[in-house]
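Below: one structure, written as structure tokens.
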Protein chains: 2
Amino acid sequence: MRKIPEPTVLRLSTYRRCLEDFKAQTNLPFVSSNELGRLAHRNAAIVRKDLSYFGEYGVPGKGYSVDHLLKHILRIMNLRREHRAVLVGAGNLGRALLGYPGFKKLGFRVVAAFDNDPRKVGRKIGEVAIFPVSKLKSEVERKKPAFGLITVPAAAAQESANLLVEAGVRAIINFAPARVWVPPRIVLRNVDLTRELEVASYYLG
Amino acid sequence: MRKIPEPTVLRLSTYRRCLEDFKAQTNLPFVSSNELGRLAHRNAAIVRKDLSYFGEYGVPGKGYSVDHLLKHILRIMNLRREHRAVLVGAGNLGRALLGYPGFKKLGFRVVAAFDNDPRKVGRKIGEVAIFPVSKLKSEVERKKPAFGLITVPAAAAQESANLLVEAGVRAIINFAPARVWVPPRIVLRNVDLTRELEVASYYLG
DNA sequence: CGTCTGTTGAGAAATATTTCACAATTTGAT
DNA sequence: ATCAAATTGTGAAATATTTCTCAACAGACG
Ligand SMILES: NC(=O)c1ccc[n+]([C@@H]2O[C@H](COP(=O)([O-])OP(=O)(O)OC[C@H]3O[C@@H](n4cnc5c(N)ncnc54)[C@H](O)[C@@H]3O)[C@@H](O)[C@H]2O)c1
Ligand SMILES: NC(=O)c1ccc[n+]([C@@H]2O[C@H](COP(=O)([O-])OP(=O)(O)OC[C@H]3O[C@@H](n4cnc5c(N)ncnc54)[C@H](O)[C@@H]3O)[C@@H](O)[C@H]2O)c1
């Protein structure tokens, strides 16, 4: 299989959401690349090219079957099974993420949270118990989550990443504004909540 | 001035952070494109090209003055003045954002929050008072924030955007997983907290 | 002063991504 | 069965972005 451009992977996630909205709103069985492009604010050609990397899903003259396409995208994105995740740093942002039902809807289940503040340890947020950081390794080895979410202050991000890697997670999502280094076998993605504010400021100026 | 590639603008924000870290950690007066590239996980050539779009800031043989470069980046990103913002949707995510000191450090000050839940109206989160949505227009017209942050459920995102645009904000940062439409004069940026999880899932698969 | 070193700035080349454009295909109507 | 309309999939062209390269330059040092 050809190498897929990263922009394509990012758009796939948008298409999924647009398809779900489209289905909920119109209940039509087919959608054209034109329509999907309009919903995703994209050119129709790139929609077709993106989808064609993974096979021929469309019906000339009709478009794409909404249900089939949704299934295909979930399969491509590896989202048809449950993913376990742990979270390090049960502060303001960590709490928001722990309480977010959207993760479970996507198949992500947070199975443990860790914090080094003794006042937080032992409490629960939603379904998720907060453990001391000293329990991170044993809990991860026991529950085998593939994902680690980092929501500690920037200064502690690298240290948290090290712990997660050593304990055996395979992917890290870092919400702290810090560049962390992980071994090449680990999938690392950064989420920067303030970057888009800065970028908007640039375009306003 | 030439048109600046969007990836360049995004990286500028990374360079700023890396420079601040570099300054705090080494206190050296100069940094080379090589070093900055290493910190930002980038090729040195692209660092130089990014910076050269905006003028010649470097000293051959030495590198870039850390302080000068930081000032330049802040000026380029329009971040040397205070920006006022309002937030719509004082739920889990909204609360986390309202309590985040990082915004103020960047010069963003949230001057009001709005929610349609009567139990939330009248309370304060940190310094920020929560108003009913019916007061959005008058408060925005009075306080003239340039930025509107949307942290309502996806189904209410478009409606919130409409209110913000009508009240006169010039930029919208949408944290809800929904595509919203705004007039072309408005700067719209989307922040998707779950996308990177999905993308990581793709690369794990 | 001349030479050596390290580094920039930017043109050229390479690579990546998006858009165009159209033959091929399916549908649905007559 | 034939045809018009709609829409796909994809090569080719266009555009955008990144990387390579190196002449030019500043500073250090003898
Ligand atoms: N809150 C936001 O809206 C927001 C916005 C943008 C970025 N961020 C980033 O997200 C991260 C978390 O932000 P927050 O607002 O939740 O901060 P916070 O201070 O509320 O929470 C951080 C949590 O991490 C815990 N912690 C600290 N060091 C730790 C360690 N070594 N191991 C385990 N736990 C540790 C703290 O006890 C605390 O509970 C920060 O890096 C912040 O910059 C947050
Ligand atoms: N919490 C997270 O970690 C997280 C993660 C990813 C995405 N998001 C997205 O961010 C948004 C907010 O998430 P949340 O967890 O804070 O949800 P939430 O339900 O906790 O908060 C939403 C808030 O918006 C208010 N609200 C609803 N309709 C409104 C309207 N029309 N006008 C004004 N206020 C209104 C509600 O009263 C509530 O206070 C959602 O779109 C969610 O999908 C959140």
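Letters go in sequence order (proteins before strands), and every chain restarts at 1. All figures in this text were calculated on a predicted structure; none of them were measured in a lab.
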Quick one: do Glu198(A) and Arg195(A) make a salt bridge, cutoff under 4.0 Å? no
May I ask you to list the residues of residues 5-13 of chain A, by number, that have any heavy atom positioned under 4.0 Å from an atom of DNA chain D? none
Specify whether Tyr202(A) and Phe54(B) have parallel, tilted or perpendicular ring planes, treating 30° as the upper limit for parallel and 60° as the lower limit for perpendicular. perpendicular
Base of dT17(D) paired with side chain of Lys49(B) (donor-acceptor, under 3.5 Å): no
Between dG9(D) (P) and Leu51(A) (CG): distance, integer Å: 8 Å
In whole angstrom, give the distance that lies between atom CD1 of Ile46(A) and atom C1' of dA21(C). 15 Å
Whether Asn116(A) side chain and Val133(A) backbone form a donor-acceptor pair below 3.5 Å: no
Between dA26(D) (C1') and Glu56(B) (CD): distance, integer Å: 13 Å
Under-4.0 Å side-chain N/O to phosphate OP1/OP2 contact, Tyr64(A) with dA6(D): no
Can you tell if the side chain of Pro177(A) reaches within under 4.5 Å of the side chain of Thr194(A), non-hydrogen atoms only? no
Is the shortest side-chain N/O distance from Arg48(A) to OP1 or OP2 of dG9(D) below 4.0 Å? no
Output yes when Arg17(B) and Glu20(B) qualify as a salt bridge under the 4.0 Å nitrogen-oxygen rule, no when they do not. no
Atom-to-atom span, CG of Leu69(A) to P of dT7(D) - whole angstrom: 15 Å
Has Arg95(B) got a side-chain atom pairing as donor or acceptor with Asn92(A)'s backbone, closer than 3.5 angstrom? no
Keeping Ser201(A) on the side-chain end and Asn78(B) on the backbone end, is there a donor-acceptor pair under 3.5 Å? yes
In terms of ring plane angle, is the pair Phe147(A) and Phe108(A) parallel, tilted or perpendicular, where the classes change at 30° and 60°? perpendicular
Tell me which residues in residues 29-43 of chain A lie within less than 4.0 Å of DNA chain D, going by non-hydrogen atoms. Ser32(A), Ser33(A)
Donor-acceptor pair, Thr151(A) side chain versus Val88(A) backbone, under 3.5 Å? yes
Separation of Tyr53(A) atom OH from dT8(D) atom P, in whole Å? 17 Å
